[in-house]
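The chains referred to below are lettered A, B, ... by the order of the sequence lines, with proteins before strands, and numbering in each begins at 1. Predicted model, so just to flag it, every value in this text is computed and none were measured.
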Number of protein chains: 2
Amino acid sequence: MRATTLNLMKGSLPAATVARLPLYLRSLIEMDADRTTCSSDDLALLAGVNPAQVRKDLSYLAAPGVRGVGYNRSMLRNLLRRELGLTRCYRVAIVGAGNLGRALTVYPGFLESGFEIVALFDIDGMKVGDLVNSVLVSSMEDLEQTVRDQNVSIGIIATPAAAAQGVADRLVAAGVLSILNFAPAVLKVCGEAHVRRVDLSTELQILAYHLSVGDYVHSE
Amino acid sequence: MRATTLNLMKGSLPAATVARLPLYLRSLIEMDADRTTCSSDDLALLAGVNPAQVRKDLSYLAAPGVRGVGYNRSMLRNLLRRELGLTRCYRVAIVGAGNLGRALTVYPGFLESGFEIVALFDIDGMKVGDLVNSVLVSSMEDLEQTVRDQNVSIGIIATPAAAAQGVADRLVAAGVLSILNFAPAVLKVCGEAHVRRVDLSTELQILAYHLSVGDYVHSE
DNA sequence: TAGATTGTTAATCGATTAACAATC
DNA sequence: TAGATTGTTAATCGATTAACAATC
């Protein structure tokens, strides 16, 4: 087995910064229509982070701010879109046409951000052929074929936990390198693929921890 | 304005540790029924983290492991449940009975983890009175009353972004100190309340970044 | 005893933030 | 000029992990 070392490529950003860029982008879009300029303080307030954080994040992108003035809003919006790779649309397949999978299929925020759901799969033959907002439910057998035909680059897993790893393996084998996993399971994928997990029950469990702990002591 | 300093209470855990405890708990549950013992390596494999990480996390809980043997599975499971505050059930209200809100209402993982959806609200009068899996859709006007009557301790926001802050304010005012926010917005709440954000479009945007960047260089 | 695994330390790494000179 | 705000440094903080003595 050949040893392979993975190095972060020059030009890639800290993970924490990448995760904040979409917040900055959204903040810029939501800002008053007539604002042409915005400061790190403005962005920090809207994105809920520290102003120094904003400036540091933007400095990684070499965003051209003007001292005493701030950043040009539309310049910054374009820069963020370019940096995140949002200058093109992405074609997305969802696996699992249960309640969650169907809700995600019709979620308007995806299309607004440039993500188009082009396929929806389910193992249940009774669901195959159904239409979910103009998206046809396809058989799991067609997964590889459809992913390739439809040029899918992102997969969303909304199956039961037990099926998730197998689905991930098939998606990656078919060339899908980005997966958003809603199944309550930790997936293992090969090095070039990326998985992000949205773990619904875990989120509530973390909130439960805070409810059960005294948590904060107010002093002084 | 009186200065108030907030100190983490003795006994509270690092945030990163808290976020992993549910993964360990799930791993323990999913393990082969006949396993009575498990090592940090076993847990690390299932939870997708480093074994040293597992041991360090468990050391915060003073989990009694046995050198050369590992941790007792049911002891550890109980300890994690106790630490996370999962020895009791939590009553949850969902605000927003759109596709996402309804999918969350019937999501089986919540009840399995001890979270019961006891109320569902929507601003649309046409939806009020509907049943979603035996949960009645209530009017927004009844929010405060129902939260108190039903002893709701966790709120889930599944409204459009524009409505989210107002809903959060009302939930907190009614005594809900934990909020899971699915609206694409950063919420501001007062100090004692906790918000976790599940930001669906942002997740895809982060994945898009990785697709658009060369990302990794394989060397050696 | 030999092998396995914990518990903990210390090193390292990455992320955050206060502070302030630069400069519009 | 005076006020505002960036860009960057340096300090700090929190999280991760390798390593290994302790010990079952």
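In the set D:dC24, D:dG7, D:dA15, D:dG7 carries the atom at the smallest distance from any side-chain atom of A:Arg67. Across C:dT5, D:dG7, D:dC24, the shortest atom-to-atom separation from the side chain of A:Arg55 is found for D:dG7. Closest contact between the side chain of A:Val66 and the listed nucleotides C:dA18, C:dC24, D:dT17 involves C:dC24.
Between B:Tyr71 and the phosphate of C:dG7, there is a side-chain N or O to OP1/OP2 separation shorter than 4.0 Å.
Rounded to an integer number of Å, the gap from B:Tyr60 OH to C:dT6 P is 17 Å. If you take CG of B:Leu58 and C1' of C:dT6, they are 10 Å apart, rounded to a whole angstrom. In this entry the distance linking CG of B:Asp41 with C1' of D:dA19 reads 14 Å, nearest Å. With rounding to whole Å, A:Leu76 atom CG is found 14 Å from D:dT5 atom C1'. The nearest whole Å value for the distance from the CG atom in A:Asn72 to the P atom in D:dT6 is 13 Å. Straight-line distance from the CZ atom of B:Arg20 to the P atom of D:dG14: 15 Å, rounded to whole Å. Atom-to-atom, CG of A:Leu61 to P of D:dT6 comes out at 14 Å; the value is rounded to the nearest Å. Rounded to an integer number of Å, the gap from B:Gln53 CD to C:dC13 C1' is 13 Å.
Side-chain atoms of B:Thr87 and B:Arg82 include no donor-acceptor pair closer than 3.5 Å. When only modelled atom types and interatomic distance are considered, A:Tyr107 and B:Asn99 share no side-chain donor-acceptor pair under 3.5 Å.
Here C:dT12 sits opposite D:dA15 as a Watson-Crick or G-U wobble pair (both hydrogen-bonding atom distances under 3.5 Å). The nucleotide C:dT6 finds its pairing partner in D:dA21, both defining distances of the Watson-Crick or G-U wobble pair being shorter than 3.5 Å.
A cation-pi geometry, defined here as NZ or CZ lying under 6.0 Å from the six-membered ring centre and within 45° of its normal, holds between B:Arg88 and B:Tyr90.
Between A:Asp199 and B:Arg26 there is a salt bridge, since at least one side-chain N of the basic residue sits less than 4.0 Å from a carboxylate O of the acidic one.
Here A:Ser40 lies in heavy-atom contact (under 4.0 Å) with sugar-phosphate atoms only. Nucleic acid contact class of B:Ala52 (heavy atoms, under 4.0 Å, all strands): base. Here B:Ala63 lies in heavy-atom contact (under 4.0 Å) with sugar-phosphate atoms only.
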Exercise answer: donor-acceptor pairs, residues 28-36 of chain A side-chain atoms, under 3.5 Å, sequence neighbours excluded:
{"unit_1": "A:Arg35", "atom_1": "NE", "unit_2": "A:Thr37", "atom_2": "O", "d": "3.4"}
{"unit_1": "A:Arg35", "atom_1": "NH2", "unit_2": "A:Thr37", "atom_2": "O", "d": "2.8"}
{"unit_1": "A:Arg35", "atom_1": "NH2", "unit_2": "A:Asp42", "atom_2": "OD2", "d": "2.7"}

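Nearest-nucleotide positions on DNA chain C place B:Ser39 closer to the 5' end than the other of B:Ser39 and B:Lys56.
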